[in-house]
Structures are given as structure tokens and as C-alpha cells.
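Structure first, then comments.
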Amino acid sequence: MSPRIEITVTPAGETSVETKGFAGPSCRAVSKPYEEALGAKAAETLTPEYHAAAPVAQPVEQRA
């Protein structure tokens, strides 16, 4: 799944911002500008992806 941000606006004007495909706290960093633009946060629910470790690049060693 490629990372994406889903913003939902209900007919009553309530909004939600949901990140998909981000691991660890990076989801908060990418959603922050949208949350600030939409106003005060009423609630926050952290998904299992938030608690997952962000992938770390592993160096590749080449042997001759």
C-alpha cells in the first residue's frame, strides 16, 4: 500500500484525517499541517501502524 492521507468531511461539517501506509510517528508529522488547517482536534486514535517500528535501511555488504 502506498502511503496516503484521507480527509473526510461529513454533511454536518465534522472532519477527520486518517493516514494509511505510514509506520511509527511519521504519520503525525505528515498529517499535522492538515489537522492545523482544519482546526482544534477533538480526538485522536492511534492505529496499529503507529505502534509498528518504522523500517530501517539495512546496509548491503558486497563480497568479491
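Computed from a prediction, not measured in an experiment: that's the story for all the values here. For the single chain, residues carry numbers from 1 onward in sequence order.
Atom-to-atom distance recorded for T47:OG1 and E18:CD is 7.5 Å, nearest 0.5 angstrom. With rounding to the nearest 0.5 angstrom, the CD atom of E36 is 9.5 Å from the OG atom of S31.
Ion pairing of E35 with R28 is absent here, as no side-chain N (NZ or NE/NH1/NH2) approaches a carboxylate O to less than 4.0 Å.
Through chains of ILVMFWY side-chain contacts below 4.5 Å, V17 is grouped with I5, I7, F22, V30, Y34, L38.
The two residues G21 and P3 have their closest heavy-atom pair at O-CG, 3.8 Å.
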